[in-house]
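Computed over heavy atoms, backbone and side chain alike; hydrogens, waters and symmetry mates excluded. Each chain gets a letter, A, B and so on, in the order the sequences are listed, and its residues count up from 1.
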There are 2 protein chains.
Amino acid sequence: MSQSDILKALIAENLVSDPKGARGRLLQEAARLFRDKGYERTTVRDLAAAVGIQSGSLFHHFRTKEDILKAVMVETIRLNTAIMQAAVDEAGTPEQKLRALVRAELESINGQTGEAMAVLVFEWRSLSEDSQADVLALREIYEALWLDVLGTLKAEGALLAEPFVVRRMLTGALSWTVTWYHPERGGLTLDGLTDQVMAMLGFSPAN
Amino acid sequence: MSQSDILKALIAENLVSDPKGARGRLLQEAARLFRDKGYERTTVRDLAAAVGIQSGSLFHHFRTKEDILKAVMVETIRLNTAIMQAAVDEAGTPEQKLRALVRAELESINGQTGEAMAVLVFEWRSLSEDSQADVLALREIYEALWLDVLGTLKAEGALLAEPFVVRRMLTGALSWTVTWYHPERGGLTLDGLTDQVMAMLGFSPAN
DNA sequence: GACGATACCAAGCAAGCGCTTGGTTTGTAA
DNA sequence: TTACAAACCAAGCGCTTGCTTGGTATCGTC
């Protein structure tokens, strides 16, 4: 199942908005603006201009500006959870599963959904506490996937550190790539970067 | 040389402000507020109230609000560069030097200067491009320390991945601890966390 | 004990903010 | 063609923002 198939399935279930529709386009532009300028520095007038409507018309689609931020985050998590799940299911050994997870998360962070992923990390504090709780609940499924794989590797002796610590370190390390990794400028490919991450964890790249 | 001795030396050289003075107290409160609420959500009225003056009086000490943010970052980098330098100098083997660096950075992020370190990571985009360039120049000395130690370990065969990739991964991983590591709630000590990081990199804790 | 510099206050300005309002256009289906 | 809802516009309200202004304490120094 390809990533675009996963996206289509989620759109059909109404779990994420079609990027071709009005709502989906707005969320995409919002993610880009929020990443580039930050949530606070992005005005509703900026958002409206990005999709070619008046600022007041935004509030026909979303109740508040914060609702837009929350929607960006929720839909991003839904999409990525499905992508990660597929990546794990398709891989064989635990080490291959870990590699698939790392590779998929790097792809999410640095690929098409990169803007939204960066927003998820860097604009977290701009969400109200209530919204934070809602979004956190969604993230748990996602995190369980990782802990499961890391736990198996630890039991096998392939991992020295604690799974929950490793996962948190990886969250930071992989998210941070968005600030320095620019494949279009040449250098490391996505697979090469994945190899480096695995090597850092002590797994040799010959797999 | 203890951390407080380093601080005193820097104050004497006028490279960082005395936390007991007016300017130093303001910077400390600013770091706390910027971390807790974010730079944009923190108003000059908040800052003034935190040190017990009127909002207009702030502009006697700093030309703009952004100058306050920049000062927080600059002084934090100066202090931490000195601390890291001392940590490296005191350690013996390259592996011990790496451990000392990890431990020192974790201490910076989660200890007294934690507020300012978090600001450095999460409020980066709120700096104007010119200020970003100034601050980046300061960071280079700091980064060179890490790359030197990691390069030696790589040459020794103790490290599989590329030093510059490892450093960037560690930057993300260690910074991210600020979002989840709370030693006061029990659990992992700082030394325990350092051990976990080293174990993740494939170094056994018996050192 | 007069003087200048430093630190502060009280008041408020101009601009920009999120969001509301009342009304018009557009799409859809009978 | 009519009816109705969804999508949008034009205008602006009430409030907050960073910062300025003109004036007043407080201080060390000669």
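In this structure, A:R23 places its CZ atom 15 Å from P of D:dA6, rounding to the nearest Å. One interatomic measurement links the two molecules: NZ of A:K37 to C1' of C:dC17, which rounds to 13 Å at whole-angstrom precision. Remark: P of D:dC8 and CZ of A:F62 are 12 Å apart, rounded to the nearest angstrom. Atom CZ in B:R41 sits roughly 17 Å away from atom C1' in D:dG18 (whole-Å rounding). In this structure, the CG atom of A:L58 is 15 Å from the C1' atom of D:dA10, given to the nearest Å. Rounded to an integer number of Å, the gap from CD1 of B:I53 to P of D:dC19 is 14 Å. Separating the CD atom of B:Q54 from the P atom of C:dG12 is a distance of 13 Å, rounded to the nearest angstrom. Distance, B:L47 CG to C:dC8 C1': 16 Å, rounded to whole Å.
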(Q) Could you walk me through whether B:R125 and A:E123 satisfy the salt bridge (charged side-chain N to carboxylate O under 4.0 Å, His left out) test, starting with their C-alpha distance in whole Å, then the side-chain angles of each, then the deciding distance to 0.1 Å, before giving a yes or no? (A) CA-CA 11 Å; B:R125 275 173 326 178; A:E123 305 302 329; 2.5 Å; yes

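Comparing D:dA7, C:dC8, C:dG18 against the side chain of A:F59 picks out C:dG18 as the nearest. Closest to the side chain of A:H60, from the set D:dA6, D:dA10, D:dC19, is D:dA6. For B:K65, the side-chain atoms get nearest to D:dC19 when compared with the rest of C:dG18, D:dC19, D:dC8. Distance from the side chain of B:T43 is smallest for D:dT17 among the nucleotides C:dA7, D:dT17, C:dC17. Counting only heavy atoms from C-beta on, A:T64 has its side chain closest to C:dC19 among C:dC8, C:dG18, C:dC19.
Side-chain contact between A:K154 and A:V166: absent, with no pair of heavy atoms (C-beta onward) separated by less than 4.5 Å.
Between the B:E75 side chain and the B:S17 main chain, a donor and an acceptor come within less than 3.5 Å of each other. Put simply, the side chain of B:T113 gets close to the backbone of B:S108: a donor and an acceptor are under 3.5 Å apart.
For the pair B:G56 and A:D46, both in contact range of DNA chain C, the more 5′-proximal nearest nucleotide belongs to B:G56.
At a cut-off of 3.5 angstrom, counting only N and O atoms as typed in the model, there is no donor on one side facing an acceptor on the other between the side-chain of A:R45 and the base of C:dG16.
Salt-bridge formation is not detected for the pair A:E29/A:R25: no Lys NZ or Arg NE/NH1/NH2 atom is positioned less than 4.0 Å from an Asp or Glu carboxylate oxygen.
Within the 4.0 angstrom heavy-atom criterion, base atoms lie near B:S55. Residue contacts for B:S57: at a heavy-atom cut-off of 4.0 Å it reaches a base atom on one of the strands shown.
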